[in-house]
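Treat the numbers as computed from the prediction; the structure is a model and nothing was measured.
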Amino acid sequence: DEKPLEVPQDWVFYLCRVEDKPASIRINLALDQVAPIENFGKRIWFSVKLKDPDENGFTSKEEFPKICEIEDAVVDALTPKGAIMVGALKTDGTFDLYLYAKNTDGYDEIIKNVMNKNHQEYQYAFDFKEDKEWDDYFNFLYPNEYEYQSIQNRKILIQLDKHQDNPEIEREIDHWLYFDSDENRENYIAEVIDIGYKILSKDKQTKETEKP
């Protein structure tokens, strides 16, 4: 077995839509600091069909432990071979895993052995492809700007809850906005004042750039 590569960890999840269906994505955000990892250009995709999805196509409360068991079994079997788990997707009655590795020699037999040993009742599929730039990680699993901000907001709420903060207390929140013209700025200000926002300051900044 190959020694697993040490990678940074920051696992988060967010809700989105995939092919216009509700989806839940779990991803190791910290990998964006190091990805694409050199020589780890093989993408592994594993998918299992849920037997009892809920109305959104996600795992039901009853089936959730079994799907966790399948995930652990597949990841635990592939990680010693050098695979890196990067994300998971639930949507439309399926649960998918995404991993990257240097090569996928023998991975098909490993996956088949895992599923045939303890999970014969589940339909599953898998494939391997060349993805040196980690396109599936950055352009499919990775959150867009709005989703990323929602993740960061959730982290703040979790930390506040850990410190026994009272969420019912009203607080002032500062927002910074940038405009490319005075006209756009003044039009925006007029609209947000109407709905109750206050303007604290207006500054004009000149962007300085240097040639490389």
Side-chain angles (χ1 to χ4, degrees), residues 1-19 21-51 53 57-59 63-144 147-148 151 155:
D1 289 357
E2 184 174 335
K3 184 179 179 182
L5 187 70
E6 293 289 332
V7 296
Q9 303 287 329
D10 181 17
W11 286 93
V12 299
F13 83 93
Y14 65 96
L15 299 174
C16 59
R17 298 187 76 83
V18 172
E19 296 181 355
K21 299 284 179 62
S24 171
I25 290 178
R26 176 160 40 94
I27 180 174
N28 182 2
L29 272 186
L31 282 168
D32 70 354
Q33 304 167 21
V34 294
I37 299 174
E38 189 175 3
N39 297 325
F40 281 76
K42 301 287 188 181
R43 193 275 286 131
I44 302 121
W45 168 80
F46 168 83
S47 180
V48 62
K49 186 176 181 181
L50 305 179
K51 299 180 79 65
F58 300 159
T59 45
E63 191 176 18
F64 180 74
K66 184 66 174 179
I67 297 304
C68 289
E69 185 182 326
I70 291 174
E71 175 183 351
D72 289 345
V74 171
V75 173
D76 288 349
L78 295 181
T79 299
K81 297 296 181 182
I84 299 171
M85 166 78 166
V86 303
L89 164 71
K90 292 177 185 175
T91 188
D92 198 22
T94 61
F95 173 68
D96 301 353
L97 297 174
Y98 290 81
L99 306 94
Y100 283 85
K102 290 183 179 180
N103 67 72
T104 54
D105 295 345
Y107 278 31
D108 52 349
E109 290 303 318
I110 292 172
I111 293 171
K112 288 176 185 176
N113 288 339
V114 167
M115 296 305 293
N116 291 338
K117 186 176 181 182
N118 295 311
H119 313 293
Q120 303 96 327
E121 73 274 26
Y122 277 90
Q123 297 180 40
Y124 67 96
F126 59 87
D127 77 10
F128 316 121
K129 78 171 186 181
E130 195 82 14
D131 187 8
K132 291 181 179 179
E133 298 303 316
W134 286 39
D135 184 67
D136 279 0
Y137 174 81
F138 284 110
N139 296 321
F140 178 60
L141 295 172
Y142 204 83
N144 62 30
E147 293 157 348
Y148 186 88
I151 290 168
K155 285 184 177 181

Please examine the side chains of [Y] and [X], heavy atoms only from C-beta on, and report whether any two atoms are closer than 4.5 Å.
X	Y	value
Y142	L29	yes
V86	N28	no
Q120	M115	no
L89	F140	yes
I44	F126	no
L141	D136	no
T59	K90	yes

Check for a donor-acceptor pair, side chain of [X] on one end and backbone N or O of [Y] on the other, with a separation under 3.5 Å.
X	Y	result
Y137	G87	no
K51	E121	yes
T94	T91	yes
W134	F40	yes
D131	D135	yes

Q | Pair V7-I37, side-chain contact (heavy atoms from CB on, under 4.5 Å): steps then yes or no | A | CA-CA 10 Å; V7 296; I37 299 174; 4.1 Å; yes
[atom1]/[X] to [atom2]/[Y] distance, rounded to the nearest 0.5 angstrom?
X	Y	atom1	atom2	result
K49	D92	NZ	CG	9.5 Å
M85	W11	CE	CH2	4.5 Å
I84	L31	CD1	CG	7.0 Å
N116	Y124	CG	OH	4.5 Å
T104	I111	OG1	CD1	9.0 Å

**Q.** Y98 ring center near Y100 ring center (under 6.0 Å)
**A.** no
Quick check: closest heavy atoms across [X] and [Y], and the distance to 0.1 Å?
X	Y	result
E63	P53	OE1-N, 4.1 Å
F58	P22	CE2-O, 3.5 Å
R43	D127	NH1-OD1, 2.6 Å
S24	F13	OG-CD1, 4.3 Å
V114	A77	CG2-CB, 3.7 Å
F128	D108	CZ-N, 3.8 Å

Q) If you count the non-hydrogen atoms of other residues, nucleotides and ligands that lie under 6.0 Å from CD in E38, is the total more than 12? A)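 Open.
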Q: For atom NZ of K129, decide whether the heavy atoms of other residues, nucleotides or ligands shown that lie under 6.0 angstrom number more than 12.
A: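 More than 12 heavy atoms, drawn from other residues, nucleotides or ligands, come within 6.0 Å of this atom.
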Quick one: side chains of residues 64-71, donor-acceptor pairs under 3.5 Å with protein atoms, not counting sequence neighbours, listed by atom name and distance.
| residue | atom | partner | partner atom | Å |
| --- | --- | --- | --- | --- |
| K66 | NZ | H119 | ND1 | 3.3 |
| E71 | OE1 | R26 | NH2 | 2.8 |
| E71 | OE2 | R26 | NH1 | 3.1 |
| E71 | OE2 | R26 | NH2 | 3.3 |

Q. Does E19 have any side-chain contact (heavy atoms from CB on, under 4.5 Å) partners at least two apart in sequence or in another chain, and if so, which?
A. none
